Amino acid sequence: MPTALITGITGQDGLYLAELLLSKGYDVHGLIRGQNNPKRELVEQLLPGVRLHNGDLTDMSSLIRALRDSDPDEVYNLGAVSFVAYSWENARLTTDVTATGVLNMLEALRLHTCDRPEHLRFYQASSSEMFGKVQETPQHERTLLWPRSPYGVSKVFGHHMTINYRESYGLHASSGILFNHESPRRGPEFVTRKISEAVARIKLGRQDELVLGNLDAERDWGFAGDYVEAMWLMLQQPVADDYVIATGETHSIRDFLDLAFAHVGIADWTPYVRQDPAFMRPAEVDTLIGDASKAREVLGWKPKVSFPELVAMMVEADLEATQQGW
């Protein structure tokens, strides 16, 4: 039975990945920050087969303990301060967790394996936000990185540090450059879930309007459940490498609004949506679209859930949750 340790297990990716690994017969361990973490109960309820360890990416000693106690074959580093807008408000914390946290985990892995890393494999959650002010379209693994947020800068550090440990110490370390991926488990602070939740509440008469920022920003959106399969596939390869994971399609916030409101029978959403400059980014990333041909050719991976299906899934989940009073 292979063993895996997942940081960031309380997030949408961590939950979907843990479910996938459990279905494949893994012994799954999760790193969770704080003994009174409000999401601990959620993980224990959804994933009773997962063993949780207290730890923090900013505390290398806790990472060494977690590695000692779980003794994993695979480590998936999904933990991060992942809300881009917040990274401008607290660039230092974002950097400590999302950048330095990767270094802490890589160094803990090096020490844990006693410089003999051949039996342990590492996955780093990189991000399309690293491309920022995009230098070519679509973006692929060799596209120049030009991050435009503290979050993006932090992810670039973690990405290059992962490559450095792969090249310097022989660690089987792969990075998934994941483009935007959503699900009903997405946090309500993210724009897609903010929309799906508001649409459900507006349809049911619980909310009057939805306040957003830039409606013209375009993203390459996929389903998180599809993307975690790509993470697993990367660690099954004989040679570690970096892969863009994306749908190859781009849609605007307006497109998302069209589909979400149409799903509940509202053809014209303009009376319900208001723009507020407070939700505009200081430095916007206008268009992101990924070229996942390498993942398709090497990993045999391709997305299964379409953009309309994703939007419908999220709105349906929030309709059910709102009706049940969650």
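Bear in mind that the values here come from a model prediction, so they are computed numbers and not experimental data. The analysis underlying the following values was restricted to heavy atoms, covering all of them including side chains, and did not include hydrogens, waters or symmetry mates.
Nearest heavy atoms, Asp268 versus Pro271: O-CD, 3.4 Å. Across all their heavy atoms, Gly25 and Met1 have their closest contact at O-CG, 2.9 Å.
Inter-residue side-chain proximity for Phe307 and Thr247 is flagged as unmet; no heavy-atom pair is nearer than 4.5 Å. Within the 4.5 Å cutoff, side-chain heavy atoms of Ile195 are placed close to those of Ile253. Using a 4.5 Å cut-off on side-chain heavy atoms (C-beta onward), Tyr169 and Arg116 make no contact. In this structure the side chain of Asp71 never reaches within 4.5 angstrom of the side chain of Thr3, judged on heavy atoms. At a threshold of 4.5 Å between non-hydrogen side-chain atoms, the residues Leu120 and His112 count as touching. For the pair Arg219/Thr250, no side-chain contact is recorded, criterion being any heavy-atom separation below 4.5 Å from C-beta on. With contacts defined as side-chain heavy-atom distances shorter than 4.5 Å, the pair Ile177/Tyr243 does not qualify.
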Note to self: Show, in sequence, the C-alpha distance, side-chain angles and deciding distance for Asp96 and Thr58, and conclude whether the side-chain contact (heavy atoms from CB on, under 4.5 Å) test is met.
What the structure shows: CA-CA 6 Å; Asp96 286 346; Thr58 64; 4.2 Å; yes

Checklist line | Pair Lys203-Glu320, salt bridge (Lys or Arg N to Asp or Glu O under 4.0 Å): steps then yes or no | finding: CA-CA 12 Å; Lys203 174 63 176 178; Glu320 182 180 354; over 6 Å; no

Next item on the list: In sequence, state the C-alpha distance, the side-chain angles, and the governing distance for Leu171 and Arg110, and then conclude on side-chain contact (heavy atoms from CB on, under 4.5 Å).
Entry: CA-CA 8 Å; Leu171 182 66; Arg110 188 180 69 83; over 6 Å; no

Next item on the list: Under the side-chain contact (heavy atoms from CB on, under 4.5 Å) rule, what do Leu22 and Leu47 come out as? Steps first, then yes or no, please.
Entry: CA-CA 9 Å; Leu22 287 170; Leu47 306 165; 4.0 Å; yes

Margin query: Using side-chain contact (heavy atoms from CB on, under 4.5 Å), reason through Leu5 and Tyr76 one step at a time and then give a plain yes or no.
Written below: CA-CA 6 Å; Leu5 174 65; Tyr76 296 85; over 6 Å; no

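At distances below 3.5 Å, not a single donor-acceptor pair connects side-chain atoms of Ser127 with backbone N or O atoms of Met130. Between the side chain of Arg121 and the backbone N or O of Leu235, at least one donor-acceptor pair lies under 3.5 Å. Within the 3.5 Å criterion, the main-chain N or O of Ala173 finds a donor-acceptor partner in the side chain of Arg166. Put simply, the side chain of His172 gets close to the backbone of Gln237: a donor and an acceptor are under 3.5 Å apart. In this structure, the side chain of Asn37 does not engage the main chain of Ile32 through any donor-acceptor pair within 3.5 Å. Using a distance-only test at 3.5 Å, with no hydrogens or angles considered, no donor-acceptor pair links the side chain of Thr322 to the main chain of Leu319.
Surrounding NZ of Lys294 are more than 12 heavy atoms belonging to other residues, nucleotides or ligands, all under 6.0 Å away. The neighbour count for Glu41 CD, taken as heavy atoms of other residues, nucleotides or ligands under 6.0 Å away, does not exceed 12.
No hydrogens or angles considered: a donor-acceptor pair under 3.5 Å links the side chains of Gln12 and Ser183. In summary, the side chains of Thr7 and Asn77 do present a donor paired with an acceptor at a separation below 3.5 Å, with no hydrogens or angles considered. Checking His29 against Asp69 by side-chain atom types alone, no donor-acceptor pair falls below 3.5 Å. At a cut-off of 3.5 Å, with distance as the only test, no side-chain donor of Glu229 or Tyr16 sits close to an acceptor on the other residue. A side-chain donor from one of Arg40 and Asn54 sits under 3.5 Å from a side-chain acceptor of the other. For Gln207 and Tyr272, the side-chain atoms include no donor-acceptor pair closer than 3.5 Å. The closest side-chain donor-acceptor pair between Thr192 and Glu182 falls under 3.5 angstrom. For the residue pair Trp301 and Tyr227, no side-chain donor N or O sits within less than 3.5 Å of a side-chain acceptor on the partner. Side-chain contact of His263 with Glu316: a donor-acceptor pair under 3.5 Å is present, judged by distance alone.
Between Arg193 and Asp318 there is a salt bridge, with a side-chain nitrogen of the basic residue lying less than 4.0 Å from a carboxylate oxygen of the acidic one. Between Asp242 and Arg142, no side-chain nitrogen of the basic residue sits less than 4.0 Å from a carboxylate oxygen of the acidic one, so the salt-bridge criterion is not met.
Ring pair Phe179/Trp221: centre-to-centre distance not below 6.0 Å.
Tracing side-chain contacts under 4.5 Å through hydrophobic residues (I, L, V, M, F, W, Y), one never reaches Leu111 starting from Leu31; they form parts of separate clusters.
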